[in-house]
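Report on one structure; see the data block that follows.
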Amino acid sequence: MVWSWYTLHRTERRAPGDQCRDGEAQHLSELRIVLMGYKGVGKSSTGNTILGREEFDLKRSAQCVRRHGEVADRHITVIEAPGWYWDYTVEDSPELLKQEILLSVSLCPPGPHAVLLIIRVDTGFKEDERKSLQEHLDLLGERVWSHTIVLFTRGDSLLDTSIEQHIEREGQDLQWLLDKCGNRYHVLNNTNRSDDTQIKELLEKIEETVAQNNSCHLQIDRKILQEIERRRTEEERAEERMKRMKKLRENIRSQMIYEILFRLTLSGGGMGGASFSPHSLHGNLHRRLRCRLTHLVRHLRLTLTGDRPLCRSRWRWLDNRGRLWRSGSLSAVGTGSSVPRVGPFRKGSGLSAPTCEAQHLSELRIVLMGYKGVGKSSTGNTILGREEFDLKRSAQCVRRHGEVADRHITVIEAPGWYCDYTVEDSPELLKQEILLSVSLCPPGPHAVLLIIRVDTGFKEDERKSLQEHLDLLGKRVWSHTIVLFTRGDSLLDTSIEQHIESEGQGLQWLLDKCGNRYHVLNNKNRSDDTQIKELLEKIEETVAQNNSCHLQIDRKILQEIERRRAEEERAEERMKRMKKLRENIRSQMSEAQHLSELRIVLMGYKRAGKSSTGNTILGREEFDSEGSAQCVKRHGEVADRHITVIEAPGWYWDYTVEDSPELLKQEILLSVSLCPPGPHAVLLIIRVDTGFKEDERKSLQEHLDLLGERVWSHTIVLFTRGDSLLDTSIEQHIESEGQDLQWLLDKCGNRYHVLNNTNRSDDTQIKELLEKIEETVAQNNSCHLQIDRKILQEIDGIMKTKEQMDKWSEDIRSQTMSGDDGSDSWSLGSSAYGSFRSRSGADSVLGSSRSRDSYYSSYKSGAIKRYNSMELPPPNMSGDEQSDTFSMGSSAYGSFRSRSGADSASVFSSSRSKASSHSSGFGSLLSIPESVEQSETRRAHGKPNISKLFPRILKKRDKKEDTKKT
């Protein structure tokens, strides 16, 4: 193996005086090593290779493992820390794992000589992996990096390639990590343990690392010592929790059995002379509990045969109707009727009397609840013992049945939500399904299983989300809820109680809210039926704690069921109406109305999916998903049509027009000018996986109103994230979201479409969208969107300003280059030029230099004038002070940025629309011309006034131009 740069230069890198210490360090009699890395990189195999024998279990552990051995005349201690998922941040990882990483360095006191950071050499090294490694290693403090060696496993996969070639090929992320570790690395082939030279060389490198650290090991700092103390406290609390829960369950089971025995006593000889044995009861009772039950049976045998009276102060019972029975004569309170005596119990006989529902329910109804990806479907399949739930998920509740452990089980899976979504963020349809889930197992569920993954950290956002969504079912739901931890296999040799204590207050609060009822499930090991039997017993205990009652369905849920039924009927009607309307439009369209060219503008708030939609329409990556502050124009050939797509910059979803910056409003106005003579359709993009609020509706309405009232007759609402609908129709979503979304659709003539940008191979969704755009054009008398004269004047004003500022910048440039104005001119030039930057990151040059495909065109007196695409405010600037001119240079130019890759040309027609009203499209909405007063008022708010920003600059510029003309 080659020790590369580090070996070649290790002598030069030493401080004076390190030479003698190095001599000692090269012959250390003891070495302490910690193995660190994510799951599956080969930590256990590496430990076995170092020690030369099988010491570490390849099945992994959730706790640190320490092993010793004699290797190459040295006593070696190896600590294997548990691994994390390679793409997990520190925030994602469970607290227990982070504790184990901190504790790993304390298991080889006084501290490790080296930390081996293990990476597989046969896979690509991504940025996410680099960040994950960095964050997890940073838990040990900054000093750990000076003791770290990167150890590449799977060395046999390199073949005839050197490790240095691999490092250079992988790029900056791996190279950064190696620089962070002082360029210390080694390659190991765990499949060839007979080659002991690779281990000897590794041990030598560890000794050299010690020498570089002044012959010191990694010091255990105060933070780690505090963590050790905290961990010890948590383990004690975990032990207490385990004992407390065990005792609580025993008490519940005891009470259930007491109730059974008393009801048998009150059955009036219902045992049919059969004797009773506690061992005949269903369930795996603990030996201690069986012993207590036997004593109880003996006591009751004496009591019920009249040999010994029942102690008045000790025994009180409820009959099967809930009436109180007391000691002494065992007479019913308020009735005076006596209790029939039962013959003596005979040992060894079975139980033939009717048993209590709480002891062994013949039927159990269960609802599975939780956010997306926690394993609800897998849990349902594990409970029923077969594949009943589709792992692809559903947007609606799914009900399945089965026979498990002599019980008829009904399982309802409710659809999940995003883990960081509040109830307000979640769609109405999902909230309805949560409410309806408890109605699908009448008269109500015995238990709600709130499912949480045990292999990830539990955050405060997650707790709030779970609480809010479960609260939809009312406060009583918590007394019927059991927290079910999935991914139980990831706990390995750690108890669930340790996990609970380590995760902190958020998870503990949730468990307290559920009465500390919890269970762990490993869905990968379905052959272990004991975990399901124990879960069913815990559900029976939950029922017993609720007075043998299931969760009651309250009036709110019944009202929701009725409302949902009405919504489904309206959704069906809407679907039929839209289908019929489209058929009528297509039948009236001529062949000439099948357009060979379509011009589309994408409009919507930030992160709605405009760029992804543009890429899906054109069938390739044309738009940058990071977004742009300026309009971007792209072309393509799709379905035998030439398609032009303009993406307008987005606004914040809850911003009014008044809140949005002037520059954004200008870009919205300019967007329709980039596809002359005007767009055929404006696609108003909305995400379908979030709730639609009134603020969102107002924001969309106000921003689209900037383009005039007529824009609505050319607008189609495009729902993105269509994959989240799953098996729900878009019509159901529309009806469930309520008035605001329905108002918006009515405003757009009920034109809408759903797009799944993750499935671009499905070209039918784009063909159908283009057909709907053609139908929209046909509904508008085969006309594109005509731009209102007032908007044309605004756009023309913006273009004049751009042209004027171009000339002004040229003058500044010429003055700066000539140096006529002295130091002040040079200062202005520096500040102005310093703020001009191209979007691609390259230095820009003023003047004739322009970005490719980046220009605007405006129609004026029959001629097309092109302008540089710098973001400039409108005209009407004035001013006359020289000092103000210089002081404004930096601030004015600070917002100018040249575009890259936006092919933008526009031609405006000054002709007005001949029709005073248009068909609104799929609905019956007519476009109502706005009044002059309304138009002026809106434009007064929407039009930017740059004279307030530049009070003196343009006035001085105008004076210079007048002087030149004279």
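Nothing fancy with the numbering, it's 1 onward along the sequence.
- Legend: salt bridge (charged side-chain N to carboxylate O under 4.0 Å, His left out) pairs involving residues 371-380, not counting sequence neighbours: none detected.
- Note: L440 CG to Q396 CD = 10.5 Å, rounded to the nearest 0.5 Å.
- Summarising the geometry, atom CG belonging to D489 is positioned 7.5 Å from atom CZ belonging to R487; distances are rounded to the nearest 0.5 Å.
- Side-chain contact, R241 with N516: a donor N or O sits under 3.5 Å from an acceptor N or O.
- Ring pair H401/H408 is parallel by interplanar angle, where below 30° counts as parallel and above 60° as perpendicular.
- Ion pairing between a basic and an acidic side chain is recognised when a charged N comes within 4.0 Å of a carboxylate O; E621 and R760 show such pairing.
- R407 pairs in a salt bridge (charged side-chain N to carboxylate O under 4.0 Å, His left out) with only one of the listed residues (E363, E540, E537), which is E540.
- Atom CG of residue L484 and atom NE2 of residue H519 lie 6.5 Å apart, to the nearest 0.5 angstrom.
- Salt-bridge check for E95 with K98: passed, with a basic side-chain N closer than 4.0 Å to an acidic carboxylate O.
- Other residues, nucleotides and ligands contribute at most 12 non-hydrogen atoms within 6.0 Å of the NZ atom of K464.
- Side-chain contact between Y371 and S465 is absent, with no heavy atoms from C-beta onward closer than 4.5 Å.
- In this structure, H550 has its ring center at least 6.0 angstrom away from the ring center of H480.
- Counting only heavy atoms from C-beta outward, the side chains of E694 and Q739 never approach each other to under 4.5 Å.
- Contact check on D689 versus R687 returns a salt bridge, with a Lys/Arg side-chain nitrogen under 4.0 Å from an Asp/Glu carboxylate oxygen.
- Applying the ring pair (Phe, Tyr, Trp, His ring centres under 6.0 Å) test to residues at least two apart or on different chains, the pairs with a partner in residues 453-479 are W417-H469.
- Judged purely by distance below 3.5 Å, without hydrogens or angles, the side chains of D92 and T89 pair a donor atom with an acceptor atom.
- In this structure E135 satisfies the salt bridge (charged side-chain N to carboxylate O under 4.0 Å, His left out) test with no other residue, sequence neighbours excluded.
- Between atom OG1 of residue T379 and atom CD1 of residue I532 there is a gap of 8.0 Å, rounded to the nearest 0.5 Å.
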